[in-house]
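In the text below, chain A, chain B and the rest are named by the order of the sequence lines, each starting its count at 1. This structure is a prediction, so every number in the text was calculated from the model and none was measured.
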There are 2 protein chains.
Amino acid sequence: MAHTLEDNSLHAFSALVNHARPVKRKQALFRAGDRFDRLYFVRAGLFKSYRLHEDGALHVTGFHLPGEMMGLDNMNNGVHSEYLEALDTGSVCELPLAAIEKLARVDGALVMQLMRTVSAEVSREKDMMYLLGKMGAKQKLANFLIDLSDRSYTSGLHRNKIHFGMTRADIANHLGMAVETISRILQGLRDQGILTINHRDIELTHRDLLESIAKHGSIMPIPHRDRASA
Amino acid sequence: MAHTLEDNSLHAFSALVNHARPVKRKQALFRAGDRFDRLYFVRAGLFKSYRLHEDGALHVTGFHLPGEMMGLDNMNNGVHSEYLEALDTGSVCELPLAAIEKLARVDGALVMQLMRTVSAEVSREKDMMYLLGKMGAKQKLANFLIDLSDRSYTSGLHRNKIHFGMTRADIANHLGMAVETISRILQGLRDQGILTINHRDIELTHRDLLESIAKHGSIMPIPHRDRASA
DNA sequence: CGGGCATTTGAATAGACTCAAATCCGGTGG
DNA sequence: CCACCGGATTTGAGTCTATTCAAATGCCCG
């Protein structure tokens, strides 16, 4: 589910990417309406992106971990449609659009790599659509935790220890549910011994059970060593 | 909300795009697992894309009208993650990935145009995430109808007359709701005189009211000629 | 004309939400 | 160092929307 840049290409990019820029907590990288003239990659920290809708509602569209791309919200008309801000102090790299265009002429493969990254983003969002549309509250949250855990791991952190800088309200908003529901389900999972909670640190004991919930909405019987047969 | 290719670029593309290929009703353009080696553009007809999830559930990820791009589901690992099939007899154009790469060296701007198209897709999906996560059933359906209507119009059809080749089950699935709910809401809108229903043809009388529902979840009082003031 | 899918309608259920309030926490100023 | 404040989180109770289950009706196609 991750959407990071791969190994070799990362190197290639770093050549033409601006050196890291530090970003303070709560600071905005850009706002809706700002000119869209570069892409961002998280170097360190945690970011969140959100939209403001016509009716005034705020929607948290995503969280971004180190290594991930950000800001591809609306290159379409040259103006951002999202807000992007740091939840923790961190730093980002910037890739000017102009550089991409220039680059395209030199190295077509690199452009393809960028396309792949973008495509992965699309794929990720389709997963999210399924989650939002079809899953119950428990399943949504289980998937969210596992996704976050996997991405933390990809970003070089411990796999089963998640630290989040976002509030439960942020999570609830992102997953399309009420804060109270998040809280209740989290307590429920704790009571089942599936995870431990300490403020904004969660440790996944029994990842297998959580994965079962993520997949089926509840804990399934003895999972055979075979995923076949419907 | 549309994600079509714009004017001039469309021309540029058509040069290197294969001539139209006809597709019969129910025929699949590709299946999950197929090699990802080209992009598709609808020339005529109506298409739907869907995914099969681990748990066996089918999720309709989108419908595609003439002029729109399809098949950008997972360039990531070179293999499709979606199924794409025709709901009506129609035809498509194909754009081989190899051509893109070749092209990139000649005309960087064209690649940017492609990026923009993709970005628009991402933007569209964020809208969809909001819809799926935050809206009630009536609001979801209202937005779906308006989106379909707008896109039909962009595709050259009549703006307020929607003809769909998809079943209500397809729509329900796509919007994350039950078929019965679709039916009930549709009847409700008909009873309010907002639209007329004839099998799979819907005509939007009172687009304004439908837009109000799409925006606020219900019909709002007298809409002033000013959208300001929160 | 019949069969099977698509759609509509009805009734009961359930899951998640809203409202309300208590508790916990980190940070602040005295 | 400690009391206090405001935001964040948890907990409880009642409500409501959309679902599920069941069944009737309609319609296309052979």
dC17(C) P sits how many Å from L175(A) CG, rounded? 10 Å
Need the bend value for the helix from dC1(C)-dG30(D) to dG30(C)-dC1(D): angle between end axes, 5 pairs each end, nearest 10°. 40°
More than 12 heavy atoms of other residues, nucleotides or ligands under 6.0 Å from NZ of K134(A): is that the case? yes
Sub-4.0 Å heavy-atom contacts from residues 184-203 of chain A onto DNA chain C, ordered by number: R184(A), H199(A)
Whole-Å distance separating the CE atom of M166(A) from the P atom of dG7(D): 21 Å
Is the OH atom of Y153(A) crowded by more than 12 outside heavy atoms at less than 6.0 Å? no
Base, sugar-phosphate, or nothing for S183(B), non-hydrogen atoms under 4.0 angstrom? base
Atom CD of Q139(A) and atom P of dA16(C) are separated, to the nearest Å, by 10 Å
Are R168(B) and dA6(C) close enough that a side-chain N or O sits under 4.0 Å from OP1 or OP2? no
In whole angstroms, how far is the P atom of dG27(C) from the NZ atom of K26(A)? 12 Å
Looking just at side-chain N and O atoms, do Q187(A) and R184(A) make a donor-acceptor pair shorter than 3.5 Å? no
Would you say the rings of F47(B) and Y40(B) are close, in the sense that their centroids are separated by under 6.0 Å? no
Value in whole Å for how far the C1' atom of dT17(D) lies from CG of L141(B): 15 Å
Please report, rounded to the nearest Å, how far the P atom of dA16(C) is from the NZ atom of K140(A). 8 Å
Return yes if some donor-acceptor pair links the side-chain N/O of S49(A) with the main-chain N/O of T61(A) below 3.5 Å, else return no. no
Determine: side-chain N/O of T181(A) to OP1/OP2 of dC17(C), distance under 4.0 Å, yes or no. yes
Does R159(A) have more than 12 heavy atoms from other residues, nucleotides or ligands lying within 6.0 Å of its CZ? yes
Does D170(B) pair with K48(B) as a salt bridge, N-O distance under 4.0 Å? yes
Ring centroids only, cut at 6.0 angstrom: are F63(B) and F164(B) within range, meaning strictly under it? no
Would you classify G176(B) as touching base, sugar-phosphate or nothing, given that sugar-phosphate means primed atoms plus P, OP1 and OP2, and contacts are heavy atoms under 4.0 Å? sugar-phosphate
Return the nearest nucleotide to the side chain of A137(A); candidates are dT8(C), dA6(C), dA16(C). dA16(C)
Within 6.0 Å of CZ in R190(B), more than 12 heavy atoms from elsewhere: yes
Could you check E180(A) against M135(A) and say which one's nearest nucleotide on DNA chain C is further toward the 5' end? M135(A)
Whole angstrom is fine here: how far is it from CD1 in I182(A) over to C1' in dC17(C)? 13 Å
